[in-house]
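For this chain, numbers begin at 1 and follow the sequence in order. Since the model is a prediction, treat every value here as computed from it, not as a measurement.
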Amino acid sequence: MTDSNAPRTAAVIGGGTMGAGIAHVLLAAGARVTVAEVSADAAAKARDAVANSLAKAADRGKLAATPNDLLAALSVVDTLADLPPGAELVVEAVPEDAALKRRVLAAAAGACPDAVLASNTSSLSVGALAEGLPGERVLGMHFFNPVPVQPLVEVVRHGGVADDLVARAAGWAEALGKTVIVVRDSPGFATSRLGVAVGLEAIRMVQEGVASAEDIDTGMRLGYGWPMGPLRLTDLVGLDVRLAIAEHLERELGPRFAPPQLLRDKVGRDELGRKTGRGFFDWS
Ligand code: CAA
């Protein structure tokens, strides 16, 4: 549904699972959206991912407009030089690599001089990402996978950000149909810190033979009302993503976030979860 409080023009850097989902919800709220990728091929794949996601939502009766009407407001580009100069909001959703995120945010700061620059990082310090940038324009807008379905955005504020920017970002997220929590810039924020803690403990329990992955997940689904168990969720998010976050949290918060050996072994064998066909479960 078009929401007049949504940004009119927005850009998303990175058209993977998260970027495509963020583009989906921006389009559905009536924004014109540009998704930037690194090559023509990746840009075409990003367009397909957004189209598939919109089609799924339409099949479930969740879209007020047709996917084709919404796709008419989508552009994909293969260079950050082609970001729309008039964008009000740029969300970066590139891999969880601080140097890469800093690089794309710096390019966006130059290409979109008036835009709020939001990082979708799930654990990195937003203040550190903002260093060397106009930091008063940078904050975290952390979306959840699958973005069209999960109703939360965690807005992350670092020291250099004024209340009105936080309120503006929160208003946009609400216009996308999301509920907002505002979290201080601290490692793993509120959600990743707790979600990863449970996920790592579940992996340690498999490693120690406490129960099977299936039974641990069933325990949390039926005993605690989780929509899916922590191990299937790890498969959905990606074991490599979870490992990178755990390593970062171990550095920042100490050994309680040390990644279990089983997680390292599986990543070493390319058992990354749903995207490679195997993780704690078989997805082939
Ligand atoms: N628009 C687009 N796609 C939609 C949709 C919509 N409105 N509604 C559903 N879908 C998709 C689902 O994502 C799912 O996709 P796949 O086919 O690719 O699996 C599919 O349609 C089936 O949806 P269902 O609603 O039928 O499936 P379900 O009832 O099993 O629910 C689920 C699936 C929503 C993923 C649910 O199991 C769930 O909420 N799981 C927990 C997810 C979670 O915890 N996410 C947070 C992860 S952590 C994170 O994201 C943060 C980070 O930084 C890493």
Side-chain angles (χ1 to χ4, degrees), residues 6-51 53-54 70-143 145 147 153 155-156 158 160-161 165 168-169 172-173 176 185 238 241 244:
R8 283 179 302 270
T9 305
V12 181
I13 305 177
T17 306
M18 296 304 289
I22 295 165
H24 168 151
V25 295
L26 283 163
L27 289 165
R32 282 191 309 280
V33 180
T34 299
V35 176
E37 259 295 351
V38 288
S39 66
D41 188 40
K45 285 197 176 114
R47 174 182 283 280
D48 289 348
V50 177
S53 182
L54 290 170
L70 296 180
L71 285 170
L74 174 69
S75 309
V76 294
V77 298
D78 60 10
T79 162
L80 296 176
D82 288 343
L83 289 175
E88 293 162 82
L89 171 66
V90 179
V91 185
E92 75 71 20
V94 300
E96 204 68 357
D97 168 336
L100 174 63
K101 283 182 184 291
R102 245 185 243 117
R103 205 159 56 238
V104 302
L105 286 169
C112 310
D114 299 320
V116 172
L117 305 169
S119 172
N120 181 53
T121 180
S122 49
S123 64
L124 298 174
S125 161
V126 176
L129 294 180
E131 270 167 31
L133 296 175
E136 70 289 352
R137 286 207 270 149
V138 180
L139 42 62
M141 283 180 82
H142 182 203
F143 291 81
N145 182 9
V147 178
V153 170
V155 171
V156 181
H158 65 94
V161 162
L165 193 83
R168 210 160 145 212
W172 281 331
L176 306 182
D185 188 19
V241 175

Visitor: I need the minimum non-hydrogen distance between V161 and V138, along with the two atoms involved.
Guide: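 Looking at all heavy atoms of both residues, the closest pair is CG2-O, 3.0 Å.
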Visitor: So, R137 side chain and A109 main chain: donor-acceptor pair closer than 3.5 Å or not?
Guide: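 It does hold such a pair.
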Visitor: Which pair of non-hydrogen atoms, one from H158 and one from G135, has the smallest distance, and what is that distance?
Guide: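 Looking at all heavy atoms of both residues, the shortest contact is NE2-O, 3.1 Å.
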Visitor: What's the shortest heavy-atom distance between G140 and V126, and which atoms?
Guide: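 Closest approach of G140 to V126: N-CG1, 3.8 Å.
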Visitor: Heavy atoms only: give me the nearest P7-E88 pair and the separation to one decimal.
Guide: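 Answer, listing the atom of P7 first, then E88: C-OE2, 3.8 Å.
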Visitor: With a 4.5 Å limit on heavy-atom distance, are the side chains of E96 and S123 in contact?
Guide: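 Touching, per the 4.5 Å side-chain cut-off.
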Visitor: Quick check for you: to the nearest 0.5 Å, what is the distance between L139 atom CG and R168 atom CZ?
Guide: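 With rounding to 0.5 Å, CG (L139) is 10.0 Å from CZ (R168).
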Visitor: Can you tell me how far apart CE (M141) and CD1 (I22) are? Round to the nearest 0.5 Å.
Guide: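 It comes to 8.5 Å.
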Visitor: Check for a donor-acceptor pair, side chain of E37 on one end and backbone N or O of G15 on the other, with a separation under 3.5 Å.
Guide: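 Checking the backbone N and O of G15 against the side chain of E37, a donor-acceptor pair under 3.5 Å is found.
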Visitor: Within a strict 4.5 Å, meaning less than it, do heavy atoms of the P95 and L100 side chains meet?
Guide: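 Result yes, sub-4.5 Å side-chain heavy-atom pair found.
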Visitor: Determine whether a donor-acceptor pair (N or O, by modelled atom type, separation under 3.5 Å) exists between the side chain of N120 and the backbone of E92.
Guide: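 The answer is no, because no donor-acceptor pair under 3.5 Å joins these two groups.
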Visitor: Quick check: closest heavy atoms across A6 and W172, and the distance to 0.1 Å?
Guide: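 Scanning both residues completely, I find the closest heavy atoms to be C-CD1, 3.9 Å.
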Visitor: Under a 3.5 Å distance rule, please check whether R102 uses its side chain to pair with a backbone N or O of D97 as donor and acceptor.
Guide: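 Not confirmed, R102 side chain does not pair with D97 backbone.
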